Chemist: 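Below is a structure I'd like to ask you about.
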Amino acid sequence: MTAMRLRFAPSPTGALHIGGARTALFNWLLARGSGGQLVLRIEDTDRERSTPQNVAQIIDALRWLEIDWDEGPVMQSERAERHRQELTRLLDQGHAYRSSATAEDVKAYKATHGAERGFRGQPEAEGAVRLRVGEEGATVVHDVIRGETVFEHRHLDDPVIARADGTPLYNFAVAIDDLDAGVTHVVRGEDHLSNTPKQLLVLEALGAPQPLYAHLPLLHGPDGKKLSKRHGAASVQELRRAGYLPQAVRNYIALLGWGSESDQTILSTKELVDQFALERVSRNPARFDEAKLRWMNGVYIRSLTPPQLATAVEGFLEHERPDAAAAVRADPQRLQQAARITQEKVQSLAEFWPLSGFLFEDREIEPRARERWLDAKGTMSLREARRALAAIEPQDFGEQRVQQALEALVQRLSVKPGQVYQPLRVAICGSTTSPGIFESVSLLGREQTLRRVDVALGDGGA
RNA sequence: GCCGCCAUCGUCUAGGGGACUAGGACGCCGCCCUCUCACGGCGGUAACACGGGUUCGAAUCCCGUUGGCGGUACCA
């Protein structure tokens with residue numbers, strides 16, 4: 001594959017959304033797969049909505065996703081001189097003209113000339129700069145994903161490419177920037193397809209070479225509407241906060257609008273790089289389905305070694321629950337063991353603390369759990385369990401020994417296992433769900449276990 | 001309104017004229033495993049938007065309709 005020059009060019013008007021993340025990923029996969037480069041450009045020419053905070057947030061999100069770039073970030077606003085230069089050329093050569101026509105004027109024009117008729121302004125001394133679009137002919141967008149789309153010039157308005165004060169507008173700046181950056185492939189969302197002829201026309205007026213285009217299908221929320229907060233985690237930041245692993249997010253969003261030839265669902269980043277091809281990208285819009293991401297995240301969590309999971313959990317807690325992070329950091333050994341026994345029970349990093357935090361802190365017993373399992377019968381079982389566990393020497397308090405003791409008790413009492421395990425579970429973790437009871441008890445340790453049982457029994461502590 | 005893009009299970013998709021009684025994954029349902037929750041295993045549910053063509057033959061090609069989406073800013 002020949003090396004491709006790609007670019008990811010977000011506008012810093014908000015957080016990096018899932019759609020933007022996918023665009024970034026696709027560009028990155030192409031760059032890495034072809035031995036090419038990826039340029040990061042920040043399109044901040046919208047002075048109203050662009051903020052440095054958003055820039056920082058986008059860069060942070062890309063780093064978290066482990067998507068890196070070879071050049072940039074290039075600030076579009078810092079290229080004003082270049083833009084002005086080319087704008088002047090266009091004006092001088094008569095490819096563009098100034099016009100004070102407003103959106104209202106365009107509307108009025110269409111009312112008399114027909115709605116499908118492109119607007120043509122009269123050159124004036126002042127006003128915004130419009131690119132002259134010919135009456136005849138058409139501009140054809142050759143899209144790697146969609147094939148050819150023909151835009152007839154007579155339907156196109158003379159687009160405004162710069163404000164009256166000379167500052168460039170998107171469709172102009174983007175054409176110049178892609179040109180100067182030597183971009184070979186413009187891979188972006190389908191919402192830009194209608195913009196492409198304008199950019200092509202700018203390039204043509206400049207006598208400049210044109211890149212290849214690939215317009216990705218748009219991403220929607222579960223209801224088919226535009227993705228928004230309402231749909232849960234819609235930005236990369238939110239995904240991170242929800243406890244997803246970056247590699248899982250990469251795998252999942254790669255599958256939105258693309259599928260490997262082998263029909264594989266779980267693909268490592270290397271496999272993604274090796275297998276991704278623009279030619280296999282779908283033309284249909286896709287919906288973001290968090291249920292599948294959750295499942296996939298679980299698969300990735302289970303594929304981690306306990307030390308790796310421990311590290312991920314710690315990083316997550318540091319970000320989301322500093323208090324819990326401190327507790328967990330105080331006992332790295334236990335954290336690793338906790339990771340081991342929790343691994344197959346969670347689908348996100350966020351579930352770790354609720355499920356296994358009891359290994360690091362005392363917890364109130366949930367009222368419903370107490371009601372259900374610490375009644376007269378449960379209390380009796382719990383006393384028996386306490387006795388059985390107390391009989392184990394502290395240094396023998398391993399999983400096997402705990403299991404033996406408890407299983408023997410179940411047998412002796414001739415009750416269902418749950419009749420012994422559930423009250424014990426509730427006593428040590430405050431809830432009816434936890435990692436396996438033998439592992440949990442053993443990890444908690446003899447002393448802590450007995451103490452918590454006593455508290456639950458009302459025999460000690462408070 | 002106008003210009004344009006798109007249309008296979010609920011969702012992501014495979015499919016590029018006969019291999020399709022339409023395959024995979026998630027979800028959902030059932031069974032098994034089982035100390036809770038999960039994991040895992042097995043099985044099941046479920047789709048070619050509609051109408052015309054073209055063809056011996058269409059999910060696959062063409063046209064139309066409908067629907068969804070995008071653009072239509074001195075936003076990006």
Side-chain angles (χ1 to χ4, degrees), chain A residues 9-13 43-50 76 99-103 106-107 110-111 114-119 127-130 141 143 146 149-152 155-157 159-167 169-171 173-174 189-198 215 217-218 220 222 224-226 252 255-266 280 282-296 298 302 342-347 351 355 369 373 403 406-407 410 416-422 424-426 429 431-438 440:
Chain A
S11 64
T13 53
E43 312 222 307
D44 57 347
T45 48
D46 182 343
R47 294 157 305 188
E48 242 92 284
R49 297 185 300 159
S50 301
Q76 193 161 53
S99 161
S100 61
T102 62
V106 173
K107 230 181 199 168
K110 303 228 175 189
E116 76 289 347
R117 189 67 211 164
F119 173 78
V129 181
R130 283 185 187 270
V141 176
D143 190 291
R146 277 154 223 282
T149 303
V150 178
F151 292 88
E152 304 219 30
H155 294 313
L156 260 33
D157 294 335
V160 177
I161 57 174
R163 301 183 178 93
D165 65 6
T167 55
L169 255 27
Y170 172 73
N171 284 120
V174 82
E190 198 216 279
D191 48 339
H192 288 293
L193 184 57
S194 310
N195 289 327
T196 308
K198 303 174 197 171
H215 288 94
L218 259 20
H220 294 139
K225 302 288 186 224
K226 203 171 140 95
Y252 176 71
L255 260 22
L256 257 20
W258 175 82
S260 83
E261 203 171 350
S262 61
D263 233 3
Q264 248 177 291
T265 302
I266 301 294
R280 283 189 64 81
S282 157
R283 284 181 299 277
N284 317 356
R287 298 182 190 206
F288 174 65
D289 176 21
E290 201 171 344
K292 189 161 181 173
L293 206 210
R294 238 180 280 124
W295 163 79
M296 192 173 279
R302 273 171 259 128
T342 310
Q343 196 159 28
E344 65 179 21
K345 311 215 173 257
V346 298
Q347 290 186 311
E351 292 166 42
L355 189 67
W373 291 107
Q403 178 165 1
L406 291 175
E407 282 178 345
V410 166
K416 283 189 190 156
Q419 186 51 41
V420 167
Y421 302 155
Q422 284 302 80
L424 180 57
R425 188 188 312 276
V426 169
C429 73
S431 156
T432 54
T433 64
S434 79
I437 191 69
F438 313 128
S440 294

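Fair warning: this is a prediction, and the values are worked out from it, not measured in the lab. In the text below, chain A, chain B and the rest are named by the order of the sequence lines, each starting its count at 1.
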Chemist: A/Tyr421 has an atom OH; how far is it from atom C1' of B/rU36, in whole Å?
Modeler: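 Between C1' of B/rU36 and OH of A/Tyr421: 12 Å.
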Chemist: Could you measure between the two P atoms, the one in B/rU11 and the one in B/rC3, and give it in whole Å?
Modeler: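 To the nearest whole Å, 30 Å.
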Chemist: If you only use heavy atoms from C-beta on, which nucleotide in B/rA76, B/rA25, B/rC2 is closest to the side chain of A/Ala115?
Modeler: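 The closest nucleotide is B/rC2.
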Chemist: Below 4.0 angstrom, N of the basic side chain to O of the carboxylate: do A/Arg49 and A/Asp46 qualify?
Modeler: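 Yes, A/Arg49 and A/Asp46 are salt-bridged.
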Chemist: Select one nucleotide: of B/rG4, B/rC74, B/rC35, the one nearest the side-chain heavy atoms of A/Ile437.
Modeler: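 Closest nucleotide to the A/Ile437 side chain: B/rC35.
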Chemist: Does a side-chain N or O from A/Arg287 land closer than 4.0 Å to OP1 or OP2 of B/rG10, or not?
Modeler: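 For A/Arg287, the contact criterion (side-chain N or O under 4.0 Å from OP1 or OP2 of B/rG10) is not met.
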Chemist: Between B/rG1 and B/rA58, how far apart are the two C1' atoms, rounded to whole Å?
Modeler: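 These two C1' atoms come out 36 Å apart once rounded.
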Chemist: Between the side-chain atoms of A/Arg302 and the base atoms of B/rC39, is any donor-acceptor pair under 3.5 Å?
Modeler: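 Answer is no: no donor-acceptor pair is held.
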Chemist: By nearest atom, which of the nucleotides B/rC35, B/rG70, B/rC3 is closest to the A/Phe438 side chain?
Modeler: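 Ranking B/rC35, B/rG70, B/rC3 by closest atom to the A/Phe438 side chain puts B/rC35 first.
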Chemist: To the side chain of A/Tyr170, which of B/rC12, B/rC37, B/rA76 is closest?
Modeler: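 Nearest nucleotide to the side chain: B/rA76.
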Chemist: In whole Å, measure the gap between the P atoms of B/rA7 and B/rU60 for me.
Modeler: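 Those two atoms are separated by 11 Å.
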Chemist: Starting from P on B/rG71, measure out to NE2 on A/His215 and report it in whole angstrom.
Modeler: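 Whole-Å distance recorded here is 12 Å.
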Chemist: Expressed as a whole number of angstroms, how long is the span from A/Arg117:CZ to B/rU72:P?
Modeler: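 Atom-to-atom, A/Arg117 to B/rU72, this comes out as 20 Å.
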Chemist: If you look at every heavy atom in A/Lys198 and A/Asn171, which pair is closest and at what distance?
Modeler: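 A/Lys198 and A/Asn171 have their closest heavy atoms at CD-OD1, 3.7 Å.
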Chemist: What's the closest nucleotide to the A/Ala128 side chain, out of B/rC3, B/rG71, B/rC74?
Modeler: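 Closest nucleotide among those given: B/rC74.
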Chemist: When the P atoms of B/rU65 and B/rC2 are considered, how many whole Å apart are they?
Modeler: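 To the nearest whole Å, 12 Å.
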Chemist: Hunt down the Watson-Crick or G-U wobble partner of B/rC48, both distances under 3.5 Å, from any strand shown, or write none.
Modeler: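 Its partner: none found.
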Chemist: So, does A/Arg47 get its side chain near the phosphate of B/rC75, meaning an N or O under 4.0 Å from OP1 or OP2?
Modeler: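 Result: no.
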Chemist: Can you identify which nucleotide, out of B/rA76, B/rC5, B/rC69, has its nearest atom closest to the A/His192 side chain?
Modeler: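 The closest nucleotide is B/rA76.
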Chemist: Give the nucleotide from the list B/rG71, B/rU11, B/rU36 with an atom nearest to the side chain of A/Asn195.
Modeler: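 Of B/rG71, B/rU11, B/rU36, B/rG71 is nearest to the side chain of A/Asn195.
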Chemist: Please report the closest heavy-atom contact between A/Phe151 and A/Leu193, naming both atoms and the distance.
Modeler: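 Minimum heavy-atom contact is CZ-O, 3.9 Å.
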Chemist: Taking atom P of B/rU72 as reference, at what distance in whole Å does atom CD of A/Glu190 sit?
Modeler: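 It works out to 14 Å between those atoms.
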Chemist: Across all strands, who's sitting opposite B/rC74 as a Watson-Crick or G-U wobble pair, both distances under 3.5 Å?
Modeler: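 Answer to the pairing question: none, since B/rC74 forms no Watson-Crick or G-U pair.
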Chemist: Do A/Thr149 and A/His215 get their side chains close enough for a donor-acceptor pair, meaning under 3.5 Å?
Modeler: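 Note: A/Thr149 and A/His215 side chains miss the donor-acceptor criterion.
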Chemist: Would you indicate which nucleotide in B/rC35, B/rG70, B/rU72 comes nearest to any side-chain atom of A/Asp157?
Modeler: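 Output: B/rU72.
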Chemist: Picking from B/rC69, B/rA25, B/rU8, which would you name as closest to the side chain of A/Asn284?
Modeler: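 Looking only at heavy atoms from C-beta outward on A/Asn284, the closest nucleotide is B/rU8.
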Chemist: Who is the Watson-Crick or G-U wobble partner of B/rC5, with both distances under 3.5 Å?
Modeler: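 In the structure as shown, B/rC5 has B/rG68 as its Watson-Crick or wobble partner.
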Chemist: Could you check whether A/Asp157 pairs with A/Lys110 (Lys NZ or Arg NE/NH1/NH2 to Asp/Glu carboxylate O, under 4.0 Å)?
Modeler: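 Counted as a salt bridge, because a side-chain N and a carboxylate O are separated by less than 4.0 Å.
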Chemist: Across all strands shown, which nucleotide pairs with B/rU36 by Watson-Crick or G-U wobble geometry, both distances under 3.5 Å?
Modeler: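 No nucleotide pairs with B/rU36.
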Chemist: Using the side chain to side chain contact (heavy atoms under 4.5 Å, CB included) rule, take A/Thr45 and A/Leu169 through it: C-alpha gap first, then chi angles, then the decisive distance, then the call.
Modeler: CA-CA 7 Å; A/Thr45 48; A/Leu169 255 27; over 6 Å; no
Chemist: Ignoring hydrogens and geometry, is there a side-chain-to-backbone donor-acceptor pair from A/Arg280 to A/Trp258 under 3.5 Å?
Modeler: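 Not a single qualifying donor-acceptor pair exists.
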Chemist: Can you tell me the base-pairing partner of B/rU60? Count Watson-Crick or G-U wobble geometry only, both distances below 3.5 Å, and say none if there is no partner.
Modeler: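 Its partner: none found.
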Chemist: For A/Pro435, is there any backbone N or O sitting under 3.5 Å from a side-chain donor or acceptor partner on A/Arg425?
Modeler: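 Here the side-chain-to-backbone pair exists.
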Chemist: How far, in whole Å, is B/rG57 from B/rC69 if one measures between their P atoms?
Modeler: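 Rounded to whole Å, the distance is 38 Å.
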Chemist: Please give the nucleotide sitting opposite B/rG16 as a Watson-Crick or G-U wobble pair, both distances under 3.5 Å, or none.
Modeler: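 By the stated definition (distances under 3.5 Å), nothing pairs with B/rG16.
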Chemist: Report the distance from atom CH2 of A/Trp373 to atom P of B/rU36, rounded to the nearest whole Å.
Modeler: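 Going from A/Trp373 (CH2) to B/rU36 (P), I get 9 Å.
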Chemist: Rounding to a whole Å, what distance do you find between A/Leu424:CG and B/rC37:C1'?
Modeler: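 Rounded to whole Å, this separation is 16 Å.
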Chemist: Has A/His155 got a side-chain atom pairing as donor or acceptor with A/Glu116's backbone, closer than 3.5 angstrom?
Modeler: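 At least one qualifying donor-acceptor pair exists.
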Chemist: Atom CZ of A/Arg294 and atom P of B/rC37: how far apart are they, to the nearest Å?
Modeler: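 It is 18 Å, rounded to the nearest whole Å.
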Chemist: Taking atom C1' in both B/rA25 and B/rG17, compute the distance separating them and give it to the nearest angstrom.
Modeler: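 It comes out at 28 Å once rounded to the nearest Å.
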Chemist: For atom P, what is the distance between B/rA14 and B/rG23, given to the nearest Å?
Modeler: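 Taking atom P in both B/rA14 and B/rG23, they lie 15 Å apart.
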Chemist: Treating A/Gln422 as the side-chain partner and A/Gly418 as the backbone partner, does any N or O pair qualify as donor plus acceptor under 3.5 Å?
Modeler: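 Answer holds: no.
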Chemist: Do A/Arg146 and B/rC5 have a side chain to base donor-acceptor pair shorter than 3.5 Å?
Modeler: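 No such pair is found, so the answer is no.
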Chemist: Could you list the protein-to-nucleotides 26-34 of chain B atom pairs, N/O on both sides, closer than 3.5 Å?
Modeler:
residue: B/rC26; atom: O2'; partner: A/Lys292; partner atom: N; Å: 3.4

Chemist: Is there a donor on the side chain of A/Lys345 or the base of B/rC37 sitting less than 3.5 Å from an acceptor on the other?
Modeler: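 Answer is yes: a donor-acceptor pair is held.
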Chemist: So, is A/Arg283 close to the B/rC6 phosphate, meaning a side-chain N or O under 4.0 Å from OP1 or OP2?
Modeler: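 Checking B/rC6 against A/Arg283, a side-chain N or O does come within under 4.0 Å of OP1 or OP2.
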Chemist: On RNA chain B, nearest-nucleotide positions of A/Gly257 versus A/Thr45: which is more 5'?
Modeler: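 Comparing both residues, the 5'-ward one is A/Gly257.
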Chemist: Pairing check on B/rC26: which nucleotide meets the Watson-Crick or G-U wobble criteria with it, both distances under 3.5 Å?
Modeler: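 Paired with B/rG10.
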Chemist: Is B/rU54 paired to anything, Watson-Crick or G-U wobble with both distances less than 3.5 Å, and if yes, which nucleotide?
Modeler: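 The base-pairing partner of B/rU54, which may sit in any strand shown, does not exist here.
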Chemist: With respect to the side chain of A/Phe151, which nucleotide from B/rG70, B/rC74, B/rC3 is positioned closest?
Modeler: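 Closest nucleotide to the A/Phe151 side chain: B/rC3.
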Chemist: Between A/Glu116 (CD) and B/rG71 (C1'), how many Å, whole number?
Modeler: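 It is 17 Å, rounded to the nearest whole Å.
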Chemist: Would the distance check show the side chain of A/Tyr252 and the main-chain N or O of A/Arg294 forming a donor-acceptor pair, the cut-off being under 3.5 Å?
Modeler: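 Checking the backbone N and O of A/Arg294 against the side chain of A/Tyr252, no donor-acceptor pair under 3.5 Å is found.
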Chemist: So which one's nearest nucleotide on RNA chain B is more toward 5', A/Ala164 or A/Ser260?
Modeler: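 Whichever sits nearer the 5' end wins; that is A/Ser260.
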Chemist: Looking only at atom C1', what distance separates B/rC50 and B/rG68, rounded to whole Å?
Modeler: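 To the nearest whole Å, 15 Å.
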